[in-house]
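If you read the sequence from its start, that first residue is 1, and numbering goes on from there.
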Amino acid sequence: MRKRLSKIVKDLHTNISLIGEFLVANGYDFNEDPNEDYPGEVVEFIEENYPAFLAKRNRQRMVSKGIANTVDTAVLQVPLELRIIEAASKEKKLIERIIGFTDLDWPYTVAKYSGTCSQPVEFSLFDEVICDLLLIQKLSPEQIGEILGLDTVKDPAERDILHKALTELQEDNMIEGDGSYIWLTDLGIEYASNGVKFSTFTRNFDLYVDTLGLNNSRTKDIFRNLKSEKSATYDRDSLPRTEQEVKPLAEFQAPEIHFPKNNFFLQSCRLTSAQGFKAKVWVVLLENFRDNTMRTVVYDERQDKILDALSEVLDANEKIKSELLETIVDMGEHAEFTQETKHQEQIDAEEKLIHKQEEIDRATDNQDIAKIKEIEKEIEIIKKHFYSLEFEVELKRLFDTTSDTIMIQSPWVKDRAFKKRVPFIKDYLRRGGRVYISYSVNEGFSGDPMVQDESMKQLLELDKNLNFYYCELPAFHYKNVWLVREDKKNIYYSGSYNILSFFVSKNMKNIRQEKMTKMDWDSELEKQYSEVFKKFGMKYIDAAIDEFHTLCNNPPVSINREYLQKLRQVDNTKLLPFRDIGEPEFDRALRELEQAKSFNLDYYRKAFFESEIERYKSEVETLTKSSVDPQKKKLLQKEFSSLRDEFIDFLDLQMGQANQTAIAINNLQVYAQKDKNKPARTRRYQ
């Protein structure tokens, strides 16, 4: 869809000069006129690549000014699987590795009760005086009225006031009498001594009862915030029924019913109804390689966090832990969970982590925050081995915290896995980073393609971005990730994890998990990287040559600016990373392409210039038949002058046809400004 320059600038929240800088840098013509209309393919090119250009430009400016280069990480729709293992990774100890994860329906019940309760009420002044009198001695209603100055014999209103006050005290079990005298009950004496009385009321309340054992002050708050579904059944035996069973839970979950500290007391209650629920949570299993034990952590996707209270309850339930382990890990007859032989390299790496864990434990006990941070930096350096789920977190960290160059080599590219990677790749490109994806040529072992259909569509779409590259390489089975940084602190990961064809999922039946190892960059790795990088360069130079030959062999009937632009764009920014890579074949092909491009571009530019001269010549011949508007003549002069400046290198045309056409434009006769309908008499504008 075509767009005006002003609309492009508005949509990208930028300014015209920066868009111009971007277009010129990529070989496009640029006119600062806001009304300049761009074709759909140019608009798409700008929208795909301008954000990365701007991010890189801003980053370079910050570095030149000495400002810290922080990465602006966009909020991504991070796959749930990654959110689960990332949250668990923050909780796990150095001596633990993630085995896997699964979903769990956590059963709980919401029980509804009707309770009779007593509530503290401050004495009114009237109540306080009556109770103070009765604390001294028994009195008749008439005596109390007389002391209070009330005429209860002759004045019905004053008699009613006293009667009402005594009735309320009696209903609250504070006083009793035999008809002649009134005295305080034991409860009344207690209330009068404390200056407070209790009113009795009936109220409905709810209790959340956890079937697995979390019944404390946080039970209600935890479960009512979880995503839950109703259950057809519930554990009736787990519900508290008697007053004594209800009180401990009510004290935390319904303090308005029973909270002795504030003198709220549950007198009696009855269960009215109950509803079973299943909280939808995730459980991650962690293996401790120091003592071969297993720990569980519970994750809630709605709150995106680990639930410590539920984790503790589940971790104490060995039966459920065993069931979860069987769900996640194939415990068949050939399983060797935690008993398999370890290589010495793995043993040495684990010993280092065990030692660092002990240091962290001591620093934690001493509340030495500075020491903990120091150890964490040391761990980042010594951490070399990443199992399947650990590497998922590590790979996400690379995409989140860098914006340099990431190259991924994986034999297969499968739809489910690659779809999960694409959001991170797009964000990396948006921030100015480069991404290279390579996969293996099909060896013919099966009919399945190395790249599945949807993944290939994604690769082709991503390839529209100047900073994304993909390439098919000779048959290979290794899996590598290269991080090439501007500060030269390069990192290399290699191992058996199928990065682009596998993605973590629940109940992953994989006991001997794949492993990736981080290696320090050296001359040998530099050579390996360079060899792969050259193959990318050859793929894209060959593609550029093919595109150029196709363009040259299929010119339009009338050469136009759009065609010239396509010729210029053949050698665009896409080839820049491969210049001077030390590959003679690439350098030769690039020279030949540039020579052919220069020759053909000159040829078709000249053809376009000739056709434009003829177009202006034809227009002038039409205009010479009558006088023209002076503004029309000035516009023609300006346009043709600009055209001549653009093609100043074609001297033969400039001295001949172009010069003749310019003279013809200058000799156009204009009519007078005062009478546009009358031609000027004899005056000519030269």
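Atom OG1 in Thr296 sits 6.5 Å away from atom CG in Leu285 (nearest 0.5 Å). Separation of atoms CE (Met519) and OG (Ser494) is listed at 5.0 Å; rounding is to 0.5 Å. Once rounded to the nearest 0.5 Å, the distance linking CG of Leu104 with CG of Leu310 reads 9.5 Å. Rounded to the nearest 0.5 angstrom, Thr116 OG1 and Ile257 CD1 are separated by 9.5 Å. The CZ atom of Arg421 lies 14.0 Å from the CG atom of Leu462; values are rounded to the nearest 0.5 Å. Here the NZ-NZ distance, from Lys227 to Lys280, works out to 7.5 Å after rounding to the nearest 0.5 Å.
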Worksheet item: After noting the C-alpha distance and the side-chain angles of Leu307 and Leu226, does the key distance pass the side chain to side chain contact (heavy atoms under 4.5 Å, CB included) rule?
Response: CA-CA 10 Å; Leu307 304 174; Leu226 298 180; 3.7 Å; yes
Checklist entry - Should Tyr478 and Ser410 be marked as a side chain to side chain donor-acceptor pair (under 3.5 Å) after you check the CA-CA gap, both sets of side-chain angles, and the distance that decides it? => result CA-CA 7 Å; Tyr478 45 76; Ser410 185; over 6 Å; no
query: How far apart are the C-alpha atoms of Phe277 and Thr109, what are their side-chain angles, what is the distance that settles it, and do they pass the side chain to side chain contact (heavy atoms under 4.5 Å, CB included) test?
result: CA-CA 6 Å; Phe277 289 90; Thr109 305; over 6 Å; no
- Message: Checking Trp282 against Thr102 for the side chain to side chain contact (heavy atoms under 4.5 Å, CB included) test, could you report, in this order, the C-alpha distance in whole Å, the side-chain angles of both residues, the deciding distance, and whether it holds?
- Response: CA-CA 6 Å; Trp282 294 88; Thr102 185; 5.7 Å; no
Point to revise | CA sep, side-chain torsions, deciding dist, call: Leu286, Ile99, side chain to side chain contact (heavy atoms under 4.5 Å, CB included) | key: CA-CA 6 Å; Leu286 307 173; Ile99 301 172; over 6 Å; no
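Thr219 and Asp210 share no side-chain donor-acceptor pair at under 3.5 Å. In the model, Tyr234 has a side-chain atom that pairs as donor or acceptor with a side-chain atom of Arg236 under 3.5 Å.
The backbone N or O of Thr402 sits less than 3.5 Å from a side-chain atom of Arg431, completing a donor-acceptor pair. Between the Thr401 side chain and the Arg397 main chain, a donor and an acceptor come within less than 3.5 Å of each other. With hydrogens and angles ignored, the 3.5 Å screen pairs no side-chain donor or acceptor of Lys220 with any backbone N or O of Arg218. Although no hydrogens or angles enter the test, the distance criterion places a donor-acceptor pair under 3.5 Å between the side chain of Glu96 and the main chain of Lys93. Under a 3.5 Å cut-off, the side chain of Ser231 and the backbone N or O of Thr233 do form a donor-acceptor pair.
Under the side-chain contact (heavy atoms from CB on, under 4.5 Å) criterion, Lys90 pairs with Glu86, sequence neighbours left out. Judged as a salt bridge (Lys or Arg N to Asp or Glu O under 4.0 Å), and not counting sequence neighbours, the contacts of Asp127 are Lys197. Residues meeting the ring-ring contact (aromatic ring centres under 6.0 Å, His included) test with Phe264, sequence neighbours left out: none. With sequence neighbours excluded, no residue forms a ring-ring contact (aromatic ring centres under 6.0 Å, His included) with Phe418. Every residue was checked against the ring-ring contact (aromatic ring centres under 6.0 Å, His included) condition with Phe468, not counting sequence neighbours, and none meets it. Among residues two or more places apart in sequence or in another chain, the side-chain contact (heavy atoms from CB on, under 4.5 Å) test is passed with Gln244 by Thr242, Lys247. Residues that satisfy the side-chain contact (heavy atoms from CB on, under 4.5 Å) test with Ile161, not counting sequence neighbours, are Phe126. Partners of Tyr439 according to the ring-ring contact (aromatic ring centres under 6.0 Å, His included) rule, which considers only residues two or more places apart in sequence or in another chain, do not exist here. Every residue two or more places apart in sequence or in another chain that forms a side-chain contact (heavy atoms from CB on, under 4.5 Å) with Pro107 is listed here: Thr211, Leu212. For Asn317, there are no side chain to side chain donor-acceptor pair (under 3.5 Å) partners at least two apart in sequence or on another chain.
Side-chain contact check for Val297 versus Val283: every heavy-atom pair is 4.5 Å or farther apart. Side-chain atoms of Tyr113 and Thr272, non-hydrogen and from C-beta on, never get closer than 4.5 Å to each other. Residues Ile408 and Ile406 meet the side-chain proximity criterion, which asks for heavy atoms closer than 4.5 Å. Counting only heavy atoms from C-beta outward, the side chains of Lys278 and Ser228 never approach each other to under 4.5 Å. Between Asp304 and Arg83, some side-chain heavy-atom pair lies under the 4.5 Å cut-off. At a threshold of 4.5 Å between non-hydrogen side-chain atoms, the residues Gln170 and Ile182 do not count as touching. The closest side-chain heavy-atom distance from Lys419 to Asp415 is not below 4.5 Å. Looking at Met516 and Ile499, their side chains come closer than 4.5 Å, going by heavy atoms from C-beta outward.
A salt bridge is defined here as a Lys NZ or Arg NE, NH1 or NH2 lying under 4.0 Å from an Asp or Glu carboxylate O, and Lys319 with Glu323 meets this definition. Ion pairing between a basic and an acidic side chain is recognised when a charged N comes within 4.0 Å of a carboxylate O; Lys112 and Asp206 show such pairing. Under a 4.0 Å N-O distance rule, the pair Glu390/Lys92 qualifies as a salt bridge. Under the 4.0 Å criterion applied to side-chain N and carboxylate O atoms, Asp400 and Lys396 are assigned as salt-bridge partners. Looking at Lys457 and Asp453, no side-chain N of the basic residue comes within less than 4.0 Å of a carboxylate O on the acidic one, giving no salt bridge. Under 4.0 Å is where a charged nitrogen must lie from a carboxylate oxygen, and between Arg416 and Glu81 at least one such pair does. Between Glu454 and Lys414 there is no salt bridge, since no side-chain nitrogen of the basic residue lies less than 4.0 Å from a carboxylate oxygen of the acidic one.
Leu184 approaches Cys131 most closely through the heavy-atom pair CD1-O, 3.7 Å. In plain terms, the two heavy atoms of Val284 and Phe101 that are nearest each other are CG2-CB, 3.9 Å.
A salt bridge (Lys or Arg N to Asp or Glu O under 4.0 Å) check over residues 362-371, counting only residues at least two apart or in different chains, returns the pairs Lys371-Glu374. Listed by first then second residue, pairs satisfying side chain to side chain donor-acceptor pair (under 3.5 Å) with a partner in residues 256-267 read Ser118-Gln267, not counting sequence neighbours.
Among the candidates Ile189, Thr185, Ile144, Leu169, the single residue satisfying the side chain to side chain contact (heavy atoms under 4.5 Å, CB included) test with Leu134 is Ile144. Among Leu80, Val78, Ile84, the single residue meeting the side chain to side chain contact (heavy atoms under 4.5 Å, CB included) criterion with Leu82 is Val78.
Classification of the Tyr208-Tyr108 ring pair by plane angle, with boundaries at 30° and 60°, yields parallel.
Centroid-to-centroid, the aromatic rings of Tyr493 and Phe391 come within less than 6.0 Å.
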